[in-house]
**Q** 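Have a look at the structure that comes next, please.
Positions are given from 1 along the sequence.
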Amino acid sequence: MSDTVDSVIVAIDGPSGTGKSSTSKAVAAKLGLSYLDTGAQYRAITWWMITNGIDVDDAAAVADASGKPVIVSGTDPSHPTITVDGVDASGPIRTQEVTSKVSAVSAVPEVRTRITGLQRSIAAAAPHGIVVEGRDIGTTVLPDADLKIFLTASPEARAARRAGELKGADVSATREALVRRDAADSTRKTSPLAKADDAVEVDTTELTLQQVVECVVTLVEERRAAAQ
Ligand SMILES: Nc1ncnc2c1ncn2[C@@H]1O[C@H](COP(=O)(O)OP(=O)(O)OP(=O)(O)O)[C@@H](O)[C@H]1O
Ligand SMILES: Nc1ccn([C@@H]2O[C@H](COP(=O)(O)O)[C@@H](O)[C@H]2O)c(=O)n1
């Protein structure tokens with residue numbers, strides 16, 4: 001376990017729409033831990049590239065600019081925040097344009113090096129431990145995490161969940177878009193979306209959010225008990 005007695009580092013990875021954010025926030029709130037949405041950080045740097053006129057398909061230009069934006073993540077699970085150069089980016093990072101461009105930006109090695117460093121320093125500073133969610137947390141960012149979870153769900157379930165959020169969205173178009181994004185994230189060379197060998201896989205297709213949260217909380221408590 002991490003240095004402080006009750007401190008715990010939990011890594012939650014998985015494809016898009018499997019419930020990482022909802023689960024991670026609820027688990028962190030229940031256990032008094034900090035929470036970090038790493039996807040929001042990749043979205044934030046993508047938004048900065050777009051608003052500063054950088055062609056996101058030009059990997060060299062993205063790499064050159066990758067050190068410029070100042071990205072700050074607030075880690076309270078009941079009120080997570082993200083700013084870029086001091087500006088609240090929580091709304092703009094959720095647009096369709098950012099969603100369609102984020103995989104190109106997050107595939108650039110210089111971007112990953114920058115954001116991974118940020119993630120590690122946030123995790124190290126969390127006073128009681130942290131739940132960090134993303135695509136490569138268990139494999140690359142925090143390979144020594146106390147507990148690693150890999151969430152999955154069928155593409156149909158994930159598309160139905162997302163389409164439910166985006167009122168009136170077409171489920172099959174939503175399914176195609178998320179499958180395409182997963183494929184890009186899983187096949188990039190640097191730190192692709194992958195399950196760590198020692199991660200616990202939880203298929204959420206038939207589970208309610210509450211059941212998934214209870215499952216993860218139980219796993220954390222088991223790890224804590226085993227470490228006593
Ligand atoms: N087990 C579940 N059953 C039903 N709906 C769920 C479940 N888990 C999450 N959801 C809903 O599915 C949607 C997507 O969840 P969430 O944003 O947590 O996924 P995610 O894995 O973080 O997605 P992304 O990687 O795209 O950010 C949300 O509307 C959430 O309320
Ligand atoms: N650890 C991570 C987290 C995210 N990404 C990239 O960001 C995109 C957006 O993530 P969401 O969770 O907000 O959907 C995702 O599609 C990845 O391209 C990443 O590379 N590594």
Side-chain angles (χ1 to χ4, degrees), residues 9 11-17 20-21 24 34-75 80-126 130-145 148 150 177-197 199:
I9 305 276
I12 302 192
D13 290 300
S16 179
K20 299 179 301 295
S21 300
S24 301
S34 301
Y35 159 71
L36 179 62
D37 176 355
T38 64
Q41 297 175 314
Y42 286 103
R43 287 172 178 274
I45 198 164
T46 302
W47 177 62
W48 186 92
M49 296 286 165
I50 295 167
T51 52
N52 284 275
I54 311 284
D55 174 2
V56 299
D57 294 317
D58 180 346
V62 170
D64 277 352
S66 62
K68 292 183 181 168
V70 177
I71 297 171
V72 177
S73 301
T75 58
T81 56
I82 185 142
T83 63
V84 181
D85 296 340
V87 176
D88 177 11
S90 52
I93 64 168
R94 303 289 164 195
T95 61
Q96 273 309 311
E97 186 182 17
V98 170
T99 301
S100 66
K101 292 181 172 170
V102 64
S103 293
V105 173
S106 70
V108 175
E110 288 80 358
V111 168
R112 299 209 73 80
T113 302
R114 166 100 201 282
I115 301 290
T116 297
L118 212 56
Q119 293 160 356
R120 288 183 178 144
S121 54
I122 292 168
I130 189 165
V131 182
V132 184
E133 53 117 339
R135 303 293 191 288
D136 62 337
I137 310 305
T139 53
T140 303
V141 179
L142 300 167
D144 297 327
K148 299 178 188 177
F150 194 79
L178 62 82
V179 167
R180 207 177 318 120
R181 186 147 62 96
D182 291 343
D185 292 341
S186 309
T187 55
R188 67 175 173 236
K189 282 211 181 90
T190 310
S191 206
L193 158 65
K195 175 183 171 295
D197 291 340

**Q** Are the side chain of Asp13 and the backbone of Ile137 linked by a donor-acceptor contact shorter than 3.5 Å?
**A** yes

**Q** Looking at Ile54, is its backbone amide N or carbonyl O close enough to the side chain of Asn52 to form a donor-acceptor pair, meaning the two atoms are under 3.5 Å apart?
**A** no

**Q** Would you confirm whether Lys148, through its side chain, and Thr139, through its main-chain N or O, come within 3.5 Å as a donor-acceptor pair?
**A**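 No; judged by distance alone, with no hydrogens or angles, the pair does not exist.
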
**Q** Locate the shortest heavy-atom distance separating Ser186 from Pro192; write the atom from each residue and the value.
**A** O-CB, 3.3 Å

**Q** Using side chain to side chain contact (heavy atoms under 4.5 Å, CB included), reason through Ile122 and Gln41 one step at a time and then give a plain yes or no.
**A** CA-CA 12 Å; Ile122 292 168; Gln41 297 175 314; 3.7 Å; yes

**Q** How about Ile93 and Ile82: do any of their side-chain heavy atoms sit closer than 4.5 Å?
**A**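 The answer is yes; the side chains approach within 4.5 Å.
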
**Q** So which of Ile45, Asp57, Asp55, Val105 actually passes side chain to side chain contact (heavy atoms under 4.5 Å, CB included) with Val62?
**A**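 So the option named by the test is Val105.
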
**Q** Would you say the side-chain atoms of Arg112 pair up with the backbone N or O of Ala107, donor to acceptor, closer than 3.5 Å?
**A** no

**Q** Tell me whether Asp197 at atom CG has more than 12 heavy atoms from other residues, nucleotides or ligands lying less than 6.0 Å away.
**A**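 No, because the 6.0 Å sphere around CG of Asp197 holds 12 heavy atoms or fewer from other groups.
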
**Q** If I compare all heavy atoms of Thr140 with all of Pro143, which pair ends up nearest, and what's the gap?
**A**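 Smallest interatomic distance, heavy atoms only, reads O-CD, 3.4 Å.
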
**Q** Can any side-chain N or O of Thr81 pair as donor or acceptor with the backbone N or O of Gly74 at less than 3.5 Å?
**A**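 Yes, because the side chain of Thr81 sits within donor-acceptor range (under 3.5 Å) of the backbone of Gly74.
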
**Q** Heavy atoms only: give me the nearest Ala123-Ile9 pair and the separation to one decimal.
**A** O-CD1, 4.2 Å

**Q** So which atom in Thr99 and which in Arg94 form the shortest heavy-atom distance, rounded to 0.1 Å?
**A**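 Heavy atoms of Thr99 and Arg94 come nearest at OG1-O, 4.2 Å.
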
**Q** Heavy atoms, side chains only, cut-off 4.5 Å: are Ile71 and Thr83 in contact?
**A**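 With C-beta onward as the side chain, the pair stays apart.
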
**Q** Check whether Ser121 reaches the backbone of Leu118 with its side chain - one donor and one acceptor, N or O, closer than 3.5 Å.
**A** yes

**Q** Against Thr46, only a single residue in Val98, Val111, Thr51 fulfils side chain to side chain contact (heavy atoms under 4.5 Å, CB included); can you say which?
**A** Val98

**Q** Work out which heavy atom in Ala65 is nearest to a heavy atom in Pro69; give both atom names and the distance.
**A**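 For Ala65 and Pro69, the tightest heavy-atom pair comes out as O-CD, 3.4 Å.
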
**Q** Is any side-chain heavy atom of Val131 less than 4.5 Å from a side-chain heavy atom of Leu36?
**A**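 When only atoms from C-beta onward are counted, Leu36 and Val131 do not touch, as no gap falls below 4.5 Å.
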
**Q** If you measure only the distance, is there a donor-acceptor pair under 3.5 Å linking the side chains of Arg135 and Tyr42?
**A**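 No - no donor-acceptor pair under 3.5 Å links their side chains.
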
**Q** Picking from Ser16, Ser103, Ser191, what satisfies side-chain hydrogen bond (donor to acceptor under 3.5 Å, both in side chains) with Asp185?
**A** Ser103

**Q** Using side-chain heavy atoms (C-beta onward) and a distance below 4.5 Å, is Leu193 in contact with Pro15?
**A** yes

**Q** When you compare the side chain of Gln96 with that of Lys101, does any pair of heavy atoms fall below 4.5 Å?
**A** no

**Q** Any side-chain heavy-atom pair from Val108 and Ser66 closer than 4.5 angstrom?
**A**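 They are not in side-chain contact.
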
**Q** Would you call Val132 and Val141 a side-chain contact if the rule is heavy atoms closer than 4.5 Å?
**A** no

**Q** What's the shortest heavy-atom distance between Glu133 and Ser24, and which atoms?
**A** CB-OG, 3.4 Å

**Q** Distance from Thr38 atom OG1 to Asp136 atom CG, nearest 0.5 Å?
**A**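 Here the rounded value is 6.5 Å.
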
**Q** Would you indicate whether the side-chain heavy atoms of Tyr35 and Ser21 approach each other to under 4.5 Å?
**A** yes

**Q** Do side-chain atoms of Thr116 reach the backbone of Thr113 as a donor and acceptor pair under 3.5 angstrom?
**A** no

